[in-house]
Amino acid sequence: MKRREISFSPPDISEAEIAEVVETLKSGWITTGPRTKLLERRLAAYIATGDNHADADDYVDRVVCLNSATAAEELALRILGIGPGDEVIVPAYTYTASASCVIHCGATVRFVDIVKDGDPLTHLPEMDYRKVEEVINERTKAIVPVDLGGIVCDYDRIYEIIEKKKELFHPTESDGTPLGELSSRIQRSIGRIAVVADSAHSLGASRTVEGRKQYCGQIADFTSFSFHAVKNFTTAEGGALTWRQISGVEDKEIYSMLQLLSLHGQNKDALSKSKRGSWEYDIIGPWYKCNMTDIMAAIGLRQLDRYPDLLERRTSIINKYDAVCDELGITHLNHHVPGMDSSNHLYLIRIPGITEEIRNEIIRKLGDEGVAANVHYKPLPMMTAYGRDCSEYPNSYDYYHNLISLPLHTKLSDEDVEYVCEILKKVAGEYC
Ligand SMILES: Cc1ncc(COP(=O)(O)O)c(C=O)c1O
């Protein structure tokens, strides 16, 4: 077989994205402006229905585009008023951004181990929900489920647990500032631990409840998405935050506060200030700078046109990988099970009976054959920033020790996919 070079996750940028970026550069407006606002409306429609052409009016005020998923999660925690003295539950098995935002806000991360071998059906490394129940206490203010690889977590179970523990929840009192007043009102209205989903991988993922599709973004109280260069849907860097309607709180209030939080607390953005005679502005709070630019949004607008086709292509690659892994007896994420449709972001495999050293050797051998592989993720407690001690999270370590992420992206030709399958059989087949 002729050698091929297969990269792990290159961006899929067509002439349409390039043309839209050029158009934006020529338009005279390159920072947050009309294209960012249009992308928010288009994403709202997509999240509402999965259909680009749907009427987005009901959802328009519930998407804010930002410069990353990290910023999106952090702003969700900030608008919820989460800070010193509060605890947030995060799976031990995730990327640092799920947890670091909690620390940025001054709150404490409570890691929870995953269930052994992940969910029995999808193999998603989901938190052990019995442990979630155990760690909830009067300081717990939020939980961050991670829809890893594009697969939707068991939100029914999460909501059941936090409803059961409702009496332990005490909303934060307002400190009298506009943000403090809104945060306190949001916490009182939600009336329980807030669900702040990390759906960095999961734009377009859905589950079906009583015959109705529910997309990521409609399930948790707040949901963050990543549009980083390696993601299914990219704006180079970028992300978005969306939320479910909260009774007694206008979507517009949340939208405006998120605008303020993302733009120095300044009550007029650059576009509004540029209108004739309209220079004066106020600074409401000494806040952050994490807005999306129209250049990024230009990429996103054209990516969104192509997104349903991109997802379909990913499904067809997954079907091919599934067949080979099943033949070799290799466990893999099950992206499409009844009642669940993944966004097909990562293809994780676990090779039974091998050590961490053998796993690393297999990754090296795949690399020698031109196939770039990866590991998603080394559990956070193993990392320096989180203490380098995974002993309390044995299932996370176990899940990680024999895990390999195969290249899954839409720049793979059919021949590339065949090549990856053949190399996997040759290299991993030796150890199966
Ligand atoms: C699970 C998870 N959450 C959050 C993020 C952060 O995304 P961003 O780079 O857009 O901030 C990532 C990025 O890879 C991720 O994998």
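If you're wondering where the values come from, they're calculated on a predicted model, not measured in any experiment. Counting starts at 1 for both ligands and their atoms, in listed order. The residues of the chain are indexed from 1 along the displayed sequence.
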Colleague: Do any heavy atoms of His376 fall under 4.0 Å from ligand 1?
Modeller: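 No, His376 has no heavy atoms under 4.0 Å from ligand 1.
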
Colleague: So which heavy atom in the protein is nearest atom 16 (O) of ligand 1, and how far is it from that ligand atom?
Modeller: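 For atom 16 (O) of ligand 1, the nearest protein heavy atom is Tyr377 OH, 2.6 Å.
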
Colleague: What residue and heavy atom of the protein are closest to atom 12 (C) of ligand 1, and at what distance?
Modeller: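 For this ligand atom, the closest protein heavy atom is Tyr95 CD2, 3.5 Å.
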
Colleague: Begin with the C-alpha distance, continue with both residues' side-chain angles, and end with the deciding distance and a verdict on side-chain hydrogen bond (donor to acceptor under 3.5 Å, both in side chains) for Asn291 and Thr32.
Modeller: CA-CA 7 Å; Asn291 52 313; Thr32 313; 2.7 Å; yes

Colleague: If you draw a 6.0 Å radius around CZ in Phe8, do more than 12 non-hydrogen atoms from other residues or ligands fall strictly inside?
Modeller: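 Correct, the count exceeds 12.
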
Colleague: By number and element, which atoms of ligand 1 are closer than 4.0 Å to a non-hydrogen atom of Ser226?
Modeller: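 Numbered from 1, ligand 1 contributes 7 (O), 8 (P), 10 (O).
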
Colleague: Could you identify the single nearest non-hydrogen protein atom to atom 3 (N) of ligand 1 and state the distance to 0.1 Å?
Modeller: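 Nearest protein contact, heavy atoms only, for atom 3 (N) of ligand 1 is Asp198 OD2, 2.7 Å.
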
Colleague: Quick one: does ligand 1 sit under 4.0 Å from the side chain of Tyr93, the backbone, both or neither, non-hydrogen atoms only?
Modeller: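 For Tyr93, there is no contact with ligand 1 at all, from either part.
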
Colleague: If the cut-off is 4.0 Å to any non-hydrogen atom of Gly238, which atoms of ligand 1 fall inside it?
Modeller: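 Those of ligand 1 that fall under 4.0 Å from Gly238 are 10 (O).
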
Colleague: Evaluate whether atom OH of Tyr95 has more than 12 neighbouring non-hydrogen atoms of other residues, nucleotides or ligands under 6.0 angstrom away.
Modeller: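 Not buried by this count: 12 neighbours or fewer within 6.0 Å.
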
Colleague: Checking contacts here: is it the side chain or the backbone of Ala69 that comes within 4.0 Å of ligand 1, counting heavy atoms only? Could be both or neither.
Modeller: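 Under 4.0 Å from ligand 1, Ala69 contributes backbone and side-chain atoms.
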
Colleague: Report, one line per pair, each donor and acceptor closer than 3.5 Å where one atom sits in a side chain of residues 104-111; sequence neighbours left out.
Modeller:
from   : atom 1 : to     : atom 2 : distance (Å)
His104 : ND1    : Glu74  : OE1    : 2.7
His104 : NE2    : Ser100 : O      : 3.4
Arg110 : NH1    : Glu87  : OE1    : 3.3

Colleague: Quick one: does NZ or CZ of Arg192 land under 6.0 Å from the six-membered ring centre of Tyr159, within 45 degrees of the ring axis?
Modeller: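 Judged by the rule, Arg192 and Tyr159 form no cation-pi pair.
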
Colleague: Nearest heavy atom to atom 14 (O) of ligand 1: which of His228, Glu73, Lys231, His201 does it belong to?
Modeller: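 Checking each option, the heavy atom nearest atom 14 (O) of ligand 1 is found in Lys231.
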
Colleague: Step through the shown structure and confirm whether more than 12 heavy atoms of other residues, nucleotides or ligands are within 6.0 Å of CD on Glu392.
Modeller: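 It does not: Glu392 CD has 12 such atoms or fewer within range.
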
Colleague: What atoms in ligand 1 come closer than 4.0 Å to a heavy atom of Ala200?
Modeller: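 This gives 2 (C), 3 (N), 4 (C), 5 (C), 12 (C), 15 (C) as the contact atoms.
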
Colleague: Any idea which part of Ala97 is under 4.0 Å from ligand 1, heavy-atom wise: side chain, backbone, both or neither?
Modeller: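 The answer is the side chain of Ala97.
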
Colleague: Test of understanding: given a 4.0 Å heavy-atom threshold, classify the contact between Thr70 and ligand 1 as side chain, backbone, both, or neither.
Modeller: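 Both the backbone and the side chain of Thr70 come within reach of ligand 1.
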
Colleague: Within a radius of less than 6.0 Å around CD1 of Ile13, do more than 12 heavy atoms belonging to other residues, nucleotides or ligands occur?
Modeller: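 Yes.
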
Colleague: Within the supplied structure, the quantity of interest is the number of heavy atoms (other residues, nucleotides, ligands) at a distance under 6.0 Å from Glu361 CD; does it exceed 12?
Modeller: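 Above 12, so yes.
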
Colleague: With only distance considered, is Thr94 within less than 3.5 Å of ligand 1 through an N or O on each side?
Modeller: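 Among all N and O atoms of Thr94, none is under 3.5 Å from an N or O of ligand 1.
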
Colleague: Check whether more than 12 heavy atoms from other residues, nucleotides or ligands sit under 6.0 Å from atom CD of Glu250, and answer yes or no.
Modeller: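 Result for CD/Glu250: open.
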
Colleague: Between ligand 1 and Glu237, is the shortest N or O to N or O distance under 3.5 Å?
Modeller: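 Among all N and O atoms of Glu237, none is under 3.5 Å from an N or O of ligand 1.
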
